[in-house]
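Labels below follow one simple rule: chain letters A, B, ... track the order of the sequence lines, proteins then strands, and each chain is numbered from 1. No experiment lies behind these values; they were computed from the predicted model shown.
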Amino acid sequence: MNSKNKFEPSFYDKVYEVTRKIPFGKVTSYGAIAEFLGRKGSARMVGYAMNNAHYLDDVPAHRVVNRNGLLTGKHHFSPPDLMQQLLENEGIEVENDKVLNFKEVFWKPEF
DNA sequence: ACACTGACCTCCT
DNA sequence: AAGGAGGCCAGTG
């Protein structure tokens with residue numbers, strides 16, 4: 001997976017690392033992660049990394065939504081509703097494939 | 001090494 | 001206000 005050497009984690013690895021640090025009951029956006037990693041305009045890379053992250057059970061991909069709080073990646077889960085179910089299970093209100101109180105449950109990536 | 005892909009974001013009609 | 005197109009850049013064939 002990692003094309004770079006092990007001393008310098010690839011972009012994907014950083015995305016996974018940040019995604020794992022998302023607190024319980026919190027969510028973040030692709031753009032926020034991309035910006036945090038220094039690739040502000042590269043939100044697509046984050047989403048692409050999330051695609052691969054599905055093979056990892058350590059990465060809560062359901063906590064990552066787009067900038068509008070919309071569950072864009074829900075269709076990529078086994079049952080599409082699983083993403084919403086997981087979020088609601090964490091106390092996050094989701095309605096019409098959108099995260100309610102997105103501003104409150106939003107978690108800015110940080111170490 | 002080139003071309004295409006992609007769970008997004010922003011700007012421009 | 002709603003929709004279309006371009007841009008961002010790492011990874012894979």
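At the heavy-atom level, A:Asn51 lies under 4.0 Å from base atoms of the strands shown. Using a 4.0 Å heavy-atom criterion, one finds that A:Ala61 contacts the bases of the nucleic acid, with or without backbone contacts as well. In this structure, A:His75 reaches neither bases nor backbone, as no heavy-atom distance under 4.0 Å exists between it and the strands shown. As judged by a 4.0 angstrom heavy-atom cut-off over every strand, A:Arg44 is placed among the base-contacting residues.
Regarding A:Met50, its CE atom lies at a distance of 15 Å from the C1' atom of C:dG11, rounded to whole Å. Rounded to whole Å, the distance from CD on A:Glu35 to C1' on B:dT10 is 14 Å. Rounding to whole angstrom units, CZ of residue A:Phe11 and C1' of C:dG11 are separated by 12 Å. A straight line from CG of A:Asn68 to C1' of C:dG3 spans 15 Å, rounded to a whole angstrom. One interatomic measurement links the two molecules: OH of A:Tyr16 to P of C:dG11, which rounds to 9 Å at whole-angstrom precision. The CG-C1' distance, from A:Asp97 to B:dA7, rounds to 13 Å in whole Å. Between the OH atom of A:Tyr12 and the C1' atom of C:dG11 there is a distance of 5 Å, rounded to whole Å. Separating the NE2 atom of A:His76 from the C1' atom of B:dA7 is a distance of 5 Å, rounded to the nearest angstrom.
Contact record, A:Glu90 with A:Gly25: OE1-N, 3.2 Å, taken as the closest heavy-atom pair. Closest approach of A:Met83 and A:Gly73 over heavy atoms only: SD-C, 3.9 Å.
Across C:dA10, B:dC8, B:dA7, the shortest atom-to-atom separation from the side chain of A:Tyr48 is found for C:dA10. You'll find that the side chain of A:Arg39 is closest to C:dC9, out of C:dC9, B:dA7, C:dG11.
With hydrogens and angles ignored, the 3.5 Å screen pairs a side-chain donor or acceptor of A:Thr28 with a backbone N or O of A:Trp107. The backbone N or O of A:Asn68 lies less than 3.5 Å from a partner atom in the side chain of A:Asn66, making a donor-acceptor pair. Using modelled atom types, one side-chain atom of A:Arg63 and one backbone atom of A:Ile22 make a donor-acceptor pair closer than 3.5 Å.
In this structure, A:Ser42 does not reach the C:dA10 phosphate: none of its side-chain N or O atoms is under 4.0 Å from OP1 or OP2.
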